**Q** 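Following this message is one structure expressed as structure tokens.
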Amino acid sequence: MQTEKVEEEDDAPEEYVALCDFTASGSEQLSFITGDKLLVHNKSSADWWWAELQGVIGYVPASYLRLDGAEEGDDASLEDPWQDDEYFGSYGTLRLHLEMLSDRSRTETYRQVIVSNSASLRDKVVMDLGCGTGIISMFCAQLAKPSMVYAVEASSMAEHTRQLVKQNGCEEVVTVLQGRAEELELPEQVDILVSEWMGNCLLFEFMVESVLLARDRWLRDGGVMWPSSAALALVPCQADSYYTETMAFWERPYGLDFTPLQPLAQQEFFTKPKFSHLIDPEDCLCAPCDVICLNMYTVQVRDLEVSNGLLYYKRPQFLSVYLLILMEHSFISQEMTGEFQFCVEKPGIFHGFTAWFTVQFESLEMGGATVELNTGPNSDPTHWKQTLFMLDRPIQVYAGDSIHGNIVLRRNPVWRRHMTVALHWTINSNTDDSQAGTKSFPMWR
Ligand SMILES: N=C(N)NC/C=C/[C@H]1O[C@@H](n2cnc3c(N)ncnc32)[C@H](O)[C@@H]1O
């Protein structure tokens, strides 16, 4: 932690108390634990304040603090930044588990991974992180002969999972543990850490952070991660039906001119990504490309963060804005940003970008076949489907045009399960002048 020592005093600092723990994710931030008393010197933004704790100074998330002496009910920002009550509450009911179990492509892929590695799974110790109803753990017990499967589930579903494990005669092999995987005590390290953690755009909900923490704590050296790697795919696309339904609709409904509502429609329907979008392969303007790739053995929790440190430091007066921007971009973690260069293969309307993910499961046997789950338009549909990012205005493009730029996934520093997806693009065309654009999409805060 290279935060600077307190030098000059600003206005009289106010004393705040920490409502929950916070672990700094960049050298400009200050870690603290529940109950710590922090001196706030400067409320530099609504979300981040410049504060001091025992003589060390740095940025802290404002929503984690309450003015010392204020009453519990005074402050609406008591909310847990992980929103665990809501998140695990939703997994305590059947609705989401039914959706995931009904997703045959997803569930059969995990079964195929177990079947094709059944010999190597013999006598191994497995952790199934976020086991839900325990389906993957029971596949392990039914289709292979591991010595132990720790089925870890934080929600109240765990008690039902224990019953299912018993009901299906797996209790000899499967032990259900209720709690957050990163907080639980296991009696031993594991040989294999399997989890189905992927969210929309691969990372939404950031369950991946729990998987990495559990990996660092419980996966033995040389142990196997399933999935072993993950990739976010992107393609420029047409979305004519969505555009017609939400934007063109206002041109002449029932013979009337409703076009004054179109700016509202753009705000309401194009500001956030459209989840569960089913893109027709015909609507892809070219081949997709993997813009972000994660190696599940080496990616670190801090890599999931974008710490454009200079935005949090007080800007040293001597640094020019240009230099700041240059340095700021040097802070963006490589894992969360990807370049792309597309060559349009056919004339069409560039309405936006579509994203999806793939995950790979390496074989336990040297040289064995890797299994892949692909949630893209050329594979069997999954419950994730794809995610559509609509531009504000569609752009006519022609075969041979190039669309290049980058994507940046910026994790929300306060709401830890959320992120913003920023897209920057430039179209170089032989027929039209080149056009550039940029747009940020919150998911969801
Ligand atoms: N979104 C997709 N695909 N899968 C989400 C899968 C989520 C399941 O994993 C559990 N879970 C999530 N995080 C943890 C954790 N840190 N420790 C223990 N259980 C956890 C949830 O309660 C759901 O049952």
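We count ligands from 1, going down the list as the structure has it; atoms in each ligand are counted the same way. No hydrogens, no waters, no symmetry mates; every other heavy atom, side chains included, goes into these values. In this text the structure is predicted, and so the values were computed from the model without any measurement.
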**Q** Please report, to 0.1 Å, the donor-acceptor pairs under 3.5 Å made by any side chain of residues 205-212, with sequence neighbours excluded.
**A**
unit_1: E209; atom_1: OE1; unit_2: R411; atom_2: NH1; d: 2.6
unit_1: E209; atom_1: OE1; unit_2: R411; atom_2: NH2; d: 2.8
unit_1: S210; atom_1: OG; unit_2: E182; atom_2: OE2; d: 2.9

**Q** What about W444 and F275, are their ring centers closer than 6.0 Å?
**A**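 Between F275 and W444, which both carry aromatic rings, the centre distance is below 6.0 Å.
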**Q** Is the distance between the ring centroids of W218 and Y150 less than 6.0 Å?
**A**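 No, ring centres 6.0 Å or more apart.
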**Q** N or O contacts of ligand 1 with protein under 3.5 Å, please list pair by pair.
**A**
unit_1: ligand 1; atom_1: 1 (N); unit_2: M198; atom_2: O; d: 3.3
unit_1: ligand 1; atom_1: 1 (N); unit_2: E205; atom_2: OE1; d: 3.4
unit_1: ligand 1; atom_1: 3 (N); unit_2: E196; atom_2: OE1; d: 2.5
unit_1: ligand 1; atom_1: 3 (N); unit_2: E196; atom_2: OE2; d: 3.1
unit_1: ligand 1; atom_1: 3 (N); unit_2: M198; atom_2: O; d: 2.7
unit_1: ligand 1; atom_1: 4 (N); unit_2: E196; atom_2: O; d: 3.1
unit_1: ligand 1; atom_1: 9 (O); unit_2: G130; atom_2: O; d: 3.4
unit_1: ligand 1; atom_1: 16 (N); unit_2: E182; atom_2: OE1; d: 2.9
unit_1: ligand 1; atom_1: 16 (N); unit_2: S210; atom_2: OG; d: 3.1
unit_1: ligand 1; atom_1: 17 (N); unit_2: A181; atom_2: N; d: 3.0
unit_1: ligand 1; atom_1: 19 (N); unit_2: A154; atom_2: N; d: 3.2
unit_1: ligand 1; atom_1: 22 (O); unit_2: E153; atom_2: OE2; d: 2.6
unit_1: ligand 1; atom_1: 24 (O); unit_2: E153; atom_2: OE1; d: 2.7
unit_1: ligand 1; atom_1: 24 (O); unit_2: E153; atom_2: OE2; d: 3.1

**Q** Identify the heavy atoms of A51 and V60 that sit nearest to each other, and give their distance.
**A**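 The answer is CB-CG2, 3.7 Å.
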**Q** Using the side-chain contact (heavy atoms from CB on, under 4.5 Å) criterion, which residues pair with Q267? Sequence neighbours excluded.
**A**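 Q267 satisfies side-chain contact (heavy atoms from CB on, under 4.5 Å) with T271 once adjacent residues are dropped.
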**Q** Could you pull out every donor-acceptor pair under 3.5 Å between side chains of residues 96-103 and any protein atom, sequence neighbours left out?
**A**
unit_1: H97; atom_1: NE2; unit_2: Y91; atom_2: O; d: 2.7
unit_1: S102; atom_1: OG; unit_2: L98; atom_2: O; d: 2.5
unit_1: D103; atom_1: OD1; unit_2: S105; atom_2: N; d: 3.3
unit_1: D103; atom_1: OD1; unit_2: R106; atom_2: N; d: 3.0
unit_1: D103; atom_1: OD2; unit_2: H383; atom_2: N; d: 2.7
unit_1: D103; atom_1: OD2; unit_2: H383; atom_2: ND1; d: 2.7

